[in-house]
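Structure, as structure tokens:
Hydrogens, waters and symmetry mates play no part in the numbers below; they use all other heavy atoms, side chains included. The residues of the chain are indexed from 1 along the displayed sequence.
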Amino acid sequence: MENARKDQQGVAGSVLALSRNIGFTVGLSLSTSLLYTGMSIKANRTITTYPFGHDDWFIFGMHFTYLIAAIIMLLVVVMLVWLMHHRKKIAK
């Protein structure tokens, strides 16, 4: 926001809010899909609702979701480190 010109700060704020909302939407959709995929893997059938009486399926689904999220975050960190290293080479 501080890099936007005074007459463009409204647009910059709107783009920031849009990107934040898209991130929330995609993140929630992806994590919910991963949760039900994990539960389906554990149950050996398609799960579309909470599996009452099978809390272990839900716990497995949560662990599956967090594992995939951790892998995605690790990949992002690796890409960020690579990008920072690559930018230092260009600046020299």
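- The hydrophobic cluster around Trp82 extends to Leu83, counting ILVMFWY residues whose side-chain heavy atoms fall within less than 4.5 Å of a member.
- For Phe60, the side chain to side chain contact (heavy atoms under 4.5 Å, CB included) test picks out Ile41, Lys42, with sequence neighbours left out.
- Between Leu75 atom CG and Leu80 atom CG the span is 12.5 Å, to the nearest 0.5 Å.
- A distance-only check finds no donor-acceptor pair linking the side chain of Thr32 to the backbone of Ser29 [under 3.5 Å].
- Here the CD1-CE distance, from Ile59 to Met39, works out to 10.5 Å after rounding to the nearest 0.5 Å.
- Clustering ILVMFWY residues whenever any of their side-chain heavy atoms sit less than 4.5 angstrom apart, transitively, puts Phe58 in the very cluster that holds Tyr36.
- When side chains are defined from C-beta on, Met79 counts as touching Val76, because their heavy atoms get closer than 4.5 Å.
- To the nearest 0.5 Å, atoms OG (Ser14) and CD (Gln8) are separated by 10.5 Å.
- At a threshold of 4.5 Å between side-chain heavy atoms, the hydrophobic network of Ile, Leu, Val, Met, Phe, Trp and Tyr places Met62 and Phe64 in two separate groups.
- With contacts defined as side-chain heavy-atom distances shorter than 4.5 Å, the pair Ser40/Arg45 does not qualify.
- Note: the hydrophobic cluster containing Tyr66 also contains Leu35 (ILVMFWY, side chain heavy atoms under 4.5 Å, direct or indirect links).
- Ring geometry, Phe52 versus Tyr50: the interplanar angle exceeds 60°, so the pair is classed perpendicular (tilted spans 30 to 60°).
- Note that CD1 of Ile68 is 4.5 Å distant from CD1 of Ile71, once rounded to the nearest 0.5 Å.
- What you find for Ile47 and Trp57 is that their closest heavy atoms are CD1-CZ3, 3.8 Å.
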